[in-house]
Protein chains: 2
Amino acid sequence: MRVLVAEDDRRIAADLARGLTEAGYIAECVADGEDAWFRGDTEDYAAIILDLGLPRLDGLTILKRWREGGRRTPVLILTARGSWAERVDGIDAGADDYLPKPFQMEELLARLRSIVRRSAGHASSVVSIGDVTLDERQMQVSVRGQPVPLSPLEYRLASYLVLHRGRVVSQFELNENIYGQDDAHDSNAIEVLIGRVRKKLGPDLIETRRGFGYIVPGDGA
Amino acid sequence: MRVLVAEDDRRIAADLARGLTEAGYIAECVADGEDAWFRGDTEDYAAIILDLGLPRLDGLTILKRWREGGRRTPVLILTARGSWAERVDGIDAGADDYLPKPFQMEELLARLRSIVRRSAGHASSVVSIGDVTLDERQMQVSVRGQPVPLSPLEYRLASYLVLHRGRVVSQFELNENIYGQDDAHDSNAIEVLIGRVRKKLGPDLIETRRGFGYIVPGDGA
DNA sequence: CGAGCGATGTCAGCGAGCCGTCAGCCGCGC
DNA sequence: GCGCGGCTGACGGCTCGCTGACATCGCTCG
């Protein structure tokens with residue numbers, strides 16, 4: 001699951017990248033307003049963390065442009081402590097949530113989970129599909145109540161498919177969202193991964209759409 | 001179980017309400033000092049979360065009035081980060097615990113449970129997981145009733161994991177919360193510490209989630 | 001002041017698990 | 001029946017985390 005980090009303070013950006021990576025996301029960082037707008041407009045992210053004080057192009061302007069262009073990617077804005085005006089403006093411009101700096105990584109992750117979930121239309125951090133239950137908080141998947149250990153990549157794959165259930169996901173999309181666009185593999189690594197996940201979670205969770213990709217059945221979204 | 005939330009920042013109040021509700025409490029919010037005092041004095045709550053900077057009537061004054069009137073409802077006060085004076089004053093005025101803002105919902109819930117438990121007459125804040133018992137008050141850990149001496153760092157590690165049981169905690173997060181983000185170690189100090197704690201408390205308390213971190217099984221606290 | 005001890009960071013080695021690759025097979029669709 | 005896309009079992013390189021050993025530091029006691 002890819003997340004765009006638009007933050008010009010290198011230290012904060014590095015912290016964010018690390019925290020996100022450890023939480024299982026793919027973090028892609030930009031430090032410049034123009035870049036941020038371009039990436040957010042052309043790439044598909046699960047969420048965007050946006051600092052309002054970017055050079056070259058202001059965060060609020062970026063956000064407005066995205067929304068005017070029809071982009072509904074959930075956006076979490078970072079604001080300076082106590083600046084209420086900024087927060088209100090941000091919400092008005094279409095932000096899904098805000099977080100005052102300095103912040104705790106854990107809180108950021110919680111809010112991020114929240115807006116990602118909201119945008120996907122789910123209500124809780126636990127999703128059940130048939131016998132399979134996925135708990136984002138524990139980063140744990142269970143089958144009929146029995147916890148099943150998944151490796152990091154297996155978990156990423158499973159959670160991405162489950163979060164986008166009811167929709168066909170192409171191998172290319174999986175590749176990009178599991179590994180990040182920079183180092184996409186051209187082998188059948190995804191297929192192998194799919195196989196391993198099926199072996200652990202049962203063969204019925206993930207269906208193959210020959211020639212198109214994979215799909216987890218669910219609410220017809 | 002009803003909890004009164006006295007907080008004038010609407011956003012924080014809303015977050016609190018949501019988090020408390022999800023944790024199974026009934027949250028009732030007031031944003032005004034006079035209202036807070038009245039409600040706390042006439043209604044019966046399991047606990048009260050009190051921001052000190054309320055309009056119309058100061059939080060400390062409210063707290064003192066309650067206590068003078070004989071109200072023993074446990075009170076958790078919210079303070080600004082780093083303002084030690086406020087905390088001391090709050091404890092003196094009869095608060096049961098304090099929490100610096102910004103806070104993590106999980107930690108708030110943990111502390112809330114703690115003071116509720118304490119006020120209900122249970123032997124202070126004791127958590128048992130399998131054979132292991134952790135007493136936060138005495139900073140004492142026991143295995144099958146036998147006290148086990150832990151070094152300061154070992155105790156910090158164990159208590160942090162136990163306090164956040166049911167959730168995967170990354171090595172980075174442990175590093176930050178055990179040492180403080182200023183001097184994070186890049187070595188395998190955490191791994192060594194984990195090993196030492198396991199040797200003393202048994203190998204089953206802390207599970208390793210390769211690639212993610214560590215987790216103590218238990219209810220999602 | 002020096003010896004002793006406990007606490008803790010560092011290091012190297014090791015074993016397990018992870019994961020990409022490949023080759024061959026299967027089965028769907030034509 | 002053929003071809004191609006997908007599946008699977010095997011393998012090996014590699015990383016991660018665990019462990020025992022050692023160095024260092026601070027404290028205490030003689």
Side-chain angles (χ1 to χ4, degrees), chain A residues 18 21-24 26 139-141 147-161 168-216, chain B residues 139-141 147-161 168-216:
Chain A
R18 177 147 53 164
T21 303
E22 281 178 358
I26 312 274
M139 297 204 286
Q140 166 121 111
V141 181
V148 176
L150 288 188
S151 80
L153 280 188
E154 288 163 5
Y155 176 80
R156 273 195 208 174
L157 179 79
S159 67
Y160 188 87
L161 283 172
V168 174
V169 180
S170 72
Q171 278 206 20
F172 179 75
E173 181 181 345
L174 280 176
N175 217 328
E176 261 202 346
N177 283 282
I178 289 180
Y179 298 109
Q181 60 176 358
D182 301 328
D183 49 7
H185 293 85
D186 55 345
S187 70
N188 67 343
I190 293 292
E191 292 164 19
V192 176
L193 221 43
I194 289 274
R196 296 207 242 258
V197 171
R198 274 180 180 148
K199 188 175 293 181
K200 289 188 179 179
L201 302 184
D204 299 331
L205 176 68
I206 305 172
E207 295 177 9
T208 302
R209 288 282 193 274
R210 196 180 174 84
F212 295 107
Y214 302 92
I215 184 174
V216 170
Chain B
M139 298 214 301
Q140 172 74 59
V141 180
V148 175
L150 288 187
S151 80
L153 279 188
E154 288 164 4
Y155 177 79
R156 270 202 227 177
L157 179 80
S159 67
Y160 189 87
L161 283 171
V168 173
V169 179
S170 73
Q171 279 206 19
F172 179 74
E173 183 182 341
L174 281 176
N175 218 329
E176 267 199 341
N177 284 282
I178 289 179
Y179 298 109
Q181 50 264 53
D182 300 329
D183 51 5
H185 293 89
D186 56 345
S187 70
N188 66 345
I190 293 292
E191 292 163 21
V192 176
L193 219 45
I194 288 275
R196 289 182 180 137
V197 171
R198 275 181 180 147
K199 190 174 291 181
K200 290 188 180 178
L201 302 184
D204 299 330
L205 177 67
I206 305 172
E207 293 177 11
T208 301
R209 289 286 160 77
R210 194 183 171 87
F212 292 120
Y214 301 92
I215 184 173
V216 170

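Throughout, protein chains are lettered first and strands after them, A, B, ... in sequence-line order, and every chain is numbered starting at 1. All values below come from the heavy atoms of this structure, side chains included, with hydrogens, waters and symmetry mates left out.
Nucleotide D:dG17 holds its P atom 10 Å from the CD atom of A:Glu22, rounded to whole Å. For the pair A:Ile190 CD1 and C:dT21 C1', the computed distance is 14 Å after rounding to whole Å. As a whole-Å value, the separation of A:Tyr179 OH from C:dC18 P is 14 Å. Between the CG atom of B:Leu193 and the P atom of D:dG20 there is a distance of 15 Å, given to the nearest Å. A straight line from CD of A:Gln171 to P of C:dG20 spans 13 Å, rounded to a whole angstrom. Rounded to whole Å, atom P of C:dG15 lies 17 Å from atom CD of B:Glu191. We find that CZ of B:Arg210 is positioned 15 Å from P of D:dC14, with the value rounded to whole Å. Counting to the nearest Å, the C1' atom of D:dC16 and the CZ atom of B:Phe212 are 13 Å from each other.
Near DNA chain D, meaning a heavy atom under 4.0 Å from it, residues 196-206 of chain A has A:Arg198, A:Lys199 in order of number.
Nearest-nucleotide positions on DNA chain C place B:Leu150 closer to the 5' end than the other of A:Pro149 and B:Leu150. Remark on DNA chain D: of its neighbouring residues B:Gly211 and A:Gly211, the 5'-side contact belongs to A:Gly211, judged by nearest-heavy-atom nucleotide.
Exactly one residue among B:Glu191, B:Glu207, B:Arg209 makes a side chain to side chain contact (heavy atoms under 4.5 Å, CB included) with B:Tyr214. That residue is B:Glu191.
Using a 4.5 Å heavy-atom threshold, the side chains of A:Leu161 and A:Ile194 count as touching.
Backbone-only contact: B:Tyr214 has heavy atoms under 4.0 Å from sugar-phosphate atoms and none from a base.
The shortest non-hydrogen separation linking A:Ala158 to A:Leu201 is CB-CD1, 4.4 Å. Heavy-atom minimum distance, B:Arg210 versus A:Pro152: O-CG, 3.5 Å. Of all heavy-atom pairs spanning B:Val168 and A:Met139, the tightest one is CG1-CE, 3.7 Å. Between B:Arg196 and B:Glu154, the shortest heavy-atom contact is CB-OE2, 3.7 Å.
Nearest to the side chain of B:Asn188, among D:dT19, D:dC7, D:dG5, sits D:dT19.
The side chain of A:Ser151 places an N or O atom within less than 4.0 Å of a non-bridging phosphate oxygen (OP1 or OP2) of C:dC19. Side-chain N/O atoms of B:Thr208 include one lying less than 4.0 angstrom from OP1 or OP2 on D:dC18.
The closest donor-acceptor contact from the side chain of B:Arg198 to the backbone of B:Ile206 lies under 3.5 Å.
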